[in-house]
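Have a look at the structure below before the remarks.
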Amino acid sequence: MAKRSIHWFRKGLRIHDNPSLIAACENAEDMKPIFILDPWFPKNGNVGINRWRFLLQSLQDLDTNLKKINSRLFIVQGKPVDVLADLFKKWNITTLTYEVDTEPYAKLRDAEVDNLARECGVEVIKCVSHTLYDTKRIVEKNGGSAPLTYKRLQTVVSMLGSPPKPVPIPSNCKTSVSKDYDQKYAIPTLEDLGKDAKDCGPCLFPGGETEALIRLDRMMKKTNWVCTFEKPKTEPNSLEPSTTVLSPYLKFGCLSPRTMYYRLVDIYKQNKKHTAPPVSLEGQLLWREFFYTVGSVTPNFDQMVDNPICIQIPWDTNVEFLEAWKQGKTGFPFIDAIMNQLRQEGWIHHLARHSVACFLTRGDLYVSWEEGKKVFEEYLLDADWSLNAANWMWLSASSFFFQYFRVYSPIAFGKKTDKDGNYIRKYVPVLKHMPTQYIYEPWTAPLKVQEKAGCIVGSDYPKPIVEHDKIRPINIQRMATAYKNRPAKSDSGKSQGKGQKRKTEQTTQGPKGKKSKTTGKNSKITDFIKGGN
DNA sequence: CTCGCGGTTGCGGTT
DNA sequence: CAACCGCAACCGCGA
């Protein structure tokens, strides 16, 4: 029987370095590239309009690129298993190909589709191309569990050798396009999806493989910059991004991590002196690999309860604090500027994410990291299930990072790289004319100064919702208590705790009683939907 | 079991 | 101005 295939795009929205697309093309008399609009995402996911736009742009560009290799992209809507059942018959399909996806919802979805394919006699070919390595191999090499430190990941990865080389663009596509293509399979607009394009922010980072490769090229041409890149030294509050902003493209797979990796390797080869992981650009790809790997095998990775690597902390429930944080109304200009940039533009610098995440959780507001994670999930163009959860655990000192006494100052941190507060002036325009002396702490400005600046704190701009210097030590104490109350590591139940440390009496309890937030109450399905893809 | 070390990105001070 | 210290002290890891 002649091979007739479907390549199912989910992530991996590209034609370069796409091994499963190649597998679909090989010796196929017809190869249909499809993308399924899964209604669960708009229903249950936190997808803000900027990311919808990014997705549609990426699909548009993918179609354009597929045309160049004699093909087209077919958009279909519905539950994947239903859609595919239909298409298998309609197109007389013998082979289905797709890229491996390690997220929980994707795993369920794909298992269901694999079953369907088996029933229909359709061969399934899946390839790893969203991560540098097959995360399963990393776990295997680590003895069956995920590495829990970056160091350990580096060791395991070095045992695995170099990641696979990128594969070429397929050259032998045969896709028959019926006359009803435009009517049935064309790429929808935001309006088709019930969205209003007017709600979008400025389009600073257009979606798509073409843009991704242009951007990669532009970054890699700055060889000196690449070779001296140290992530912690880049600026969170520059007016132009101080990092690559390749993350949204990696998230959707518009850019292959392996393509980027080998571009870096080339540059490093030609320049003996260059930075190294964890701070280098290569190091950033390894962070991604690290968090994808842990996320792929850790139960309930995106929540606190029943997450074996997450310290249980009785966070406060405080909807007012949460809302003020989300809407950029905390009264701390640096924090508010970052949140405004996030909501409007969909990308903020990594250290800016640190600042606002620390502020929301252990630093100031003592609200659960899960709440912050949901907000990031909605607004970030690069919202990536594993990375988002992992970084929120990191910043809230719930996992990976434990030095909870290192607290970012919402006042001092931004000053290091933006003394004049130009970033604040841009993203909190009401503070535009506040004198530099007060720009990070406008509530300290004399009333006359506030009047002259056209910004009265308390009416034009909020008063700070907490006193950072007072709340910080209290929260540190609460963190210490939560750590002390950790159950002993459950080896085989014989050791009862860690001796003296656990015996120390409970210290301060914090100002308000701790209504611990009940997390993980959502249905599994709802959780799986969020933030994926 | 204990110990010492290191941990991508704290702050505010001093040298 | 970069580098170091004290602050008070966390964790996981490996020896």
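Computed from a predicted model, the values in this text were never measured in an experiment. Chain naming here is simple, since letters A, B, ... match the order of the sequence lines and numbering starts at 1 in each.
Shown here are the side chain to side chain contact (heavy atoms under 4.5 Å, CB included) partners of A:Ala357, two or more places apart in sequence or in another chain: A:Trp392, A:Leu395. When the side chain to side chain contact (heavy atoms under 4.5 Å, CB included) test is applied to A:Thr210, the partners found at least two apart in sequence or on another chain are A:Asp61, A:Asn65, A:Ile214. Remark: A:Lys448 pairs with no residue by the side chain to side chain contact (heavy atoms under 4.5 Å, CB included) rule, at least two apart or across chains. A:Ser162 pairs by the side chain to side chain contact (heavy atoms under 4.5 Å, CB included) definition with A:Tyr262, not counting sequence neighbours. By the salt bridge (Lys or Arg N to Asp or Glu O under 4.0 Å) test, A:Lys233 is found to be paired with A:Glu230, residues two or more places apart in sequence or in another chain being considered. Remark: A:Glu378 engages A:Lys326 in a salt bridge (Lys or Arg N to Asp or Glu O under 4.0 Å) (not counting sequence neighbours). Listed by chain and residue number, nothing satisfies the salt bridge (Lys or Arg N to Asp or Glu O under 4.0 Å) test with A:Glu211 (two or more places apart in sequence, or in another chain).
Spacing between B:dG6 and C:dC4 at atom P, rounded to whole Å, works out to 14 Å. For C:dC7 and B:dT8, the P atoms lie 25 Å apart once the distance is rounded to whole Å. A distance of about 22 Å separates the P atoms of B:dC3 and C:dA8, rounded to the whole Å. Going from the C1' atom of C:dC5 to that of C:dA9 covers 15 Å, rounded to whole Å.
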Under 3.5 Å between N/O atoms: give me all the protein pairs with nucleotides 9-15 of chain B, atom names plus distance.
residue	atom	partner	partner atom	Å
B:dT9	O2	A:Pro232	N	3.4
B:dT9	O4	A:His350	NE2	3.3
B:dC11	OP1	A:Ser409	N	2.8
B:dC11	OP2	A:Lys416	NZ	3.0

If a pair means Watson-Crick or G-U wobble with both distances below 3.5 Å, what does DNA chain C look like in dot-bracket form, with | marking bases paired to a different strand? .||||||..||||||
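The OH atom of A:Tyr150 sits 17 Å away from the P atom of C:dC13 (whole-angstrom rounding). Counting to the nearest Å, the P atom of B:dT8 and the CD atom of A:Glu289 are 17 Å from each other. Taking atom CZ of A:Arg353 as the reference point, atom P of B:dT8 lies 19 Å away to the nearest angstrom. Between the C1' atom of C:dC7 and the CD atom of A:Gln477 lies a distance of 14 Å, rounded to the nearest Å. One atom, CG of A:Asn475, and another, P of C:dC10, lie 18 Å apart when rounded to the nearest Å. Note: NZ (A:Lys484) to P (C:dC10) measures 7 Å, nearest angstrom. What separates CZ of A:Phe229 from C1' of B:dT8 is a distance of 10 Å, to the nearest Å. Distance, A:Ile476 CD1 to C:dC10 C1': 11 Å, rounded to whole Å.
Contact check, A:Arg152 against C:dG14: a side-chain N or O comes under 4.0 Å of OP1 or OP2. For B:dG7, one of the phosphate oxygens OP1 or OP2 lies less than 4.0 angstrom from a side-chain nitrogen or oxygen of A:Lys151.
Considering all non-hydrogen atoms of both residues, A:Asp17 and A:Lys165 come closest at OD1-O, 4.4 Å.
In this structure the side chain of A:Trp315 reaches within 4.5 angstrom of the side chain of A:Met304, judged on heavy atoms. Put simply, the side chain of A:Ser238 does not reach to within 4.5 Å of the side chain of A:Thr417, judged on heavy atoms.
Ring centroids of A:Phe321 and A:Trp325 are separated by 6.0 Å or more, keeping the two rings apart. No close placement of the A:Phe291 and A:Tyr150 rings is indicated, their centers lying 6.0 Å or farther apart.
Cation-pi geometry between A:Arg215 and A:Tyr249 is not met: the NZ or CZ atom fails to fall both under 6.0 Å from the ring centre and inside 45° of the normal.
Salt bridge annotation for A:Glu103-A:Lys11: present, with a cationic side-chain nitrogen under 4.0 angstrom from a carboxylate oxygen.
The stretch residues 330-337 of chain A has no heavy atom under 4.0 angstrom from DNA chain B at all. DNA chain B lies under 4.0 Å from at least one heavy atom of each of the following residues of residues 261-284 of chain A: A:Pro278, A:Val279, A:Gln284.
Here salt bridge (Lys or Arg N to Asp or Glu O under 4.0 Å) pairs that include residues 340-354 of chain A, with residues two or more places apart or in two chains, are A:Arg353-A:Asp382.
Checked against C:dG12, C:dC10, B:dG7, the side chain of A:Tyr404 finds its nearest nucleotide in C:dC10.
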